[in-house]
Chemist: 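If you scroll down you'll find the structure; I have some questions about it.
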Number of protein chains: 2
Amino acid sequence: MNEGDGHAGYALVVDDHPLVMRGVAGYLSSHCGYAWVHCAAGGAECLAWIARHGQPELVIVDFWLADGSALDLLKTLSAARAAANVLVMSGDDGVGIASQVRAAGARGFIHKNDPPETFARAVRAVRRGKTWFTDADGQAAAPGRGRHPLQVSPVDLGLTRRQGEVLAMMLRGLPNKRIASALNVTEQTVKEHITAILQRLGVSNRIEVITLLHGRALRL
Amino acid sequence: MNEGDGHAGYALVVDDHPLVMRGVAGYLSSHCGYAWVHCAAGGAECLAWIARHGQPELVIVDFWLADGSALDLLKTLSAARAAANVLVMSGDDGVGIASQVRAAGARGFIHKNDPPETFARAVRAVRRGKTWFTDADGQAAAPGRGRHPLQVSPVDLGLTRRQGEVLAMMLRGLPNKRIASALNVTEQTVKEHITAILQRLGVSNRIEVITLLHGRALRL
DNA sequence: ACGAAAACCCTACCACGGTAGGGTGGTCGA
DNA sequence: TCGACCACCCTACCGTGGTAGGGTTTTCGT
């Protein structure tokens, strides 16, 4: 999948919702190839962090922060060093946010309702020096929802029922032995199920499976 | 073996922000012992899902949904079958939300700003039949931020700089060989770094590391 | 100037994961 | 009844991952 090479620089997520931070940070590290992802709960913490450690390669900021909107932070960042790629993320459809944000120096704007794929595309674009402003600011965020598979069913993945159970336990990080004893079968049998799963999913390791499917729920 | 693994009942997350959903769902499965977590993007989808599949053991609803607030959904749920444990989650500090939500039949209310630990405690409480309403609705969400460590900052995890780099690549699912070549060191050196990381984190596998820091639980 | 710690290298050993290639018994639909 | 498929078992092989126990160099704080 994506190749982001070793020491590319780190990403910084600024959001005051821990769970959201968690989700975004996880997604960044798993699907966008970021080695280090740091989180800050607000603008001040973000600036302090950057002062102490270097300039991040990418900054993702929630528009609505506890200590004011992201606009101030944005301007400060731009004033200090315009180098950082800043991507602003918002949960609502406030008109003009995109343009405000762009004026303040952001390199892109995305909506929390966007599917993760869009998110990843935006990150990639910004990373390459491009900008990413989906709706041309007058298009008013088309309500057409971009639903995407966040939960996967083993069947529509081409797996048998048993393989699905094995997959579920594999995703939870259980070693073969435990899967075997939990299923009351031999470790060998588990291995064979796993071999089948691997080649059906086109990967070679169990860890590739985990990094591939992690974050989406398995529906049996 | 462990608590609610096998067929304890599933959790349902209702939120229209994919990334948030991702975070919450991941946290539920990793830190709250939920084997199955399903996600719905709105109230309608939630109801449809419950109609098709069974009653979930836990429902987590974002207060602000695209198709109106969660109150309608809450009432519908309560009217249909009061059995479900519903936990409402909100991102802002709107006064009276907690009481509104409680009146509508929710079993608990949490704030997105709350640290994940609080989230987990709320889930556990609701699961045991108790309720969870942090501020007594008049206390107006103390601004004292509840910052907590939740993301990979190698240093405040007790890791050296190099170990942090290795950890990052490990989390991306890269095998030792690749890490070694990316870092221009021997595979052996990488192994030693990893051994150090493992015992500092108190785990025994790299997959335990991944599942630990990425959300999947291992609960042995 | 000295000691500690980090980063690097080496050999060797063993458990685990995954593959290959055999076989059995059961269920289902043509 | 026959074939297809699933689940299960077995032995055997090998690559990777992780540990143990040696060692060298550089960096850094006191």
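Below, read A as the first sequence line, B as the second, and so on, with proteins coming before strands; counting in each chain starts at 1. Note that this is a predicted model, so its numbers are computed, not measured.
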Chemist: List for me each residue that meets salt bridge (charged side-chain N to carboxylate O under 4.0 Å, His left out) alongside Arg162(A), sequence neighbours excluded, and say none if there are none.
Modeler: Glu165(A)
Chemist: So which heavy atom on Leu87(A) is nearest to which on Phe109(A), and how close?
Modeler: CD1-N, 4.0 Å
Chemist: With rounding to the nearest 0.5 angstrom, report the CG to CZ distance, Leu171(B) to Arg206(B).
Modeler: 10.0 Å
Chemist: At under 4.0 Å between heavy atoms, how does the protein contact nucleotides 4-22 of chain D? Give one character per nucleotide, 5' to 3', with B, S or -.
Modeler: --SSBBBBB---SBBB-B-
Chemist: After noting the C-alpha distance and the side-chain angles of His193(A) and Val190(A), does the key distance pass the side-chain contact (heavy atoms from CB on, under 4.5 Å) rule?
Modeler: CA-CA 5 Å; His193(A) 284 308; Val190(A) 174; 5.5 Å; no
Chemist: Can you name the closest pair of heavy atoms from Ile197(B) and Gln163(B) and give their distance?
Modeler: CD1-O, 3.3 Å
